[in-house]
Protein chains: 2
Amino acid sequence: MDIEPDLCRVEDALGILVGKWKPIILLYLLKDGTQRFSELKRSVPGITQKMLTKQLRELEEEDIIERVVYPQVPPKVEYTITEYGKSLSPILEAMHEWGTKHTLHKRQKANRKIL
Amino acid sequence: MDIEPDLCRVEDALGILVGKWKPIILLYLLKDGTQRFSELKRSVPGITQKMLTKQLRELEEEDIIERVVYPQVPPKVEYTITEYGKSLSPILEAMHEWGTKHTLHKRQKANRKIL
DNA sequence: CCCAATAGTATCTTTTTGTATACTATAGCA
DNA sequence: TGCTATAGTATACAAAAAGATACTATTGGG
């Protein structure tokens, strides 16, 4: 490790992943490719329209995803992860891997308390 | 990428890094080793005692850092990153690297707007 | 006796996030 | 004519995170 804390850019990456639902949204876009608004909404159960809209707008703002509007009625809007956005996937994967281990770690800790 | 969104553990890792100051605190502990409370406070300018305490407690709770109290007056408390905590450093590094590129990306985008 | 130093707590306020619910426009269809 | 579908907005509210500020205990030193 040789990150100078003063010059640290971790927060810049963190800021993009933080926000309820953002990782899940990205994973669906990475896994299933282009998705409509309504498809995402169905994929992420419990999310409200407002939240989905907000998270998508923020990801779009950072060029992580692309939004394409089809001028038709009823409306059709598609979201696709950009090439740039795909560069986040090693981070997502590393976090997922670590998170999996951590879940185990916590479970073992909880068991030790019981015994 | 092959993370099943439903089984996603990204949030578990994310939750540990999220919290204002946490990445910086970790970087200082990784860089300078064991640190006293007051040293950390001096290292992280702008942080309040309450925030520093809170972040440290949360990191301790997850076994990322260890807290050692010396029973003396004035008090002395040392914080050290655990071996387990060190396993986060690849993630920190990946984020820092991505964040550095992203900062550049945003700068270039801003410049395009001006020209 | 009084002060500085350390590692905190305790309160209160502000800001940021997230939730719930209702509302909109309009083409196609029965 | 009224209903459905889609991708949102608008508004109000609740909860969580962060910030500002004041307070505490104790002891060695002057």
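Every value quoted in this text rests on a predicted model; they were computed, and no experiment measured them. Order of the sequence lines sets the chain letters (A, B, ...), proteins ahead of strands, with each chain counted from 1.
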Filtered N/O pairs between nucleotides 4-7 of chain D and protein, under 3.5 Å:
unit_1, atom_1, unit_2, atom_2, d
D:dT6, O3', A:Arg36, NH2, 3.0
D:dT6, O3', A:Pro75, O, 2.7
D:dA7, OP1, A:Arg36, NE, 3.0
D:dA7, OP1, A:Arg36, NH2, 3.0
D:dA7, OP1, A:Val77, N, 3.1
D:dA7, OP2, A:Ser38, N, 2.9
D:dA7, OP2, A:Ser38, OG, 2.9

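- The salt bridge (Lys or Arg N to Asp or Glu O under 4.0 Å) check on B:Lys22 picks up B:Glu58, with sequence neighbours excluded.
- When each of A:Ile24, A:Thr34, A:Leu40, A:Thr80 is paired with A:Leu29, the side chain to side chain contact (heavy atoms under 4.5 Å, CB included) condition holds for A:Leu40 and for no other.
- The side chain to side chain contact (heavy atoms under 4.5 Å, CB included) test applied to A:Glu4 returns A:Asp6, A:Leu7, B:Lys31, not counting sequence neighbours.
- For B:Ser89 (side chain) and B:Leu92 (main-chain N/O), no donor-acceptor pair under 3.5 Å exists by modelled atom type.
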Could you run down the sub-3.5 Å N/O contacts of the protein with nucleotides 16-19 of chain C?
unit_1, atom_1, unit_2, atom_2, d
C:dG18, OP1, A:Lys20, N, 2.9
C:dT19, OP1, A:Lys20, NZ, 3.2
C:dT19, O4, A:Lys50, NZ, 2.4

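- With sequence neighbours left out, A:Trp98 forms a ring-ring contact (aromatic ring centres under 6.0 Å, His included) with A:His102, B:Tyr84.
- In this structure A:Glu78 satisfies the salt bridge (Lys or Arg N to Asp or Glu O under 4.0 Å) test together with A:Lys76, sequence neighbours excluded.
- The neighbour count for B:Glu97 CD, taken as heavy atoms of other residues, nucleotides or ligands under 6.0 Å away, does not exceed 12.
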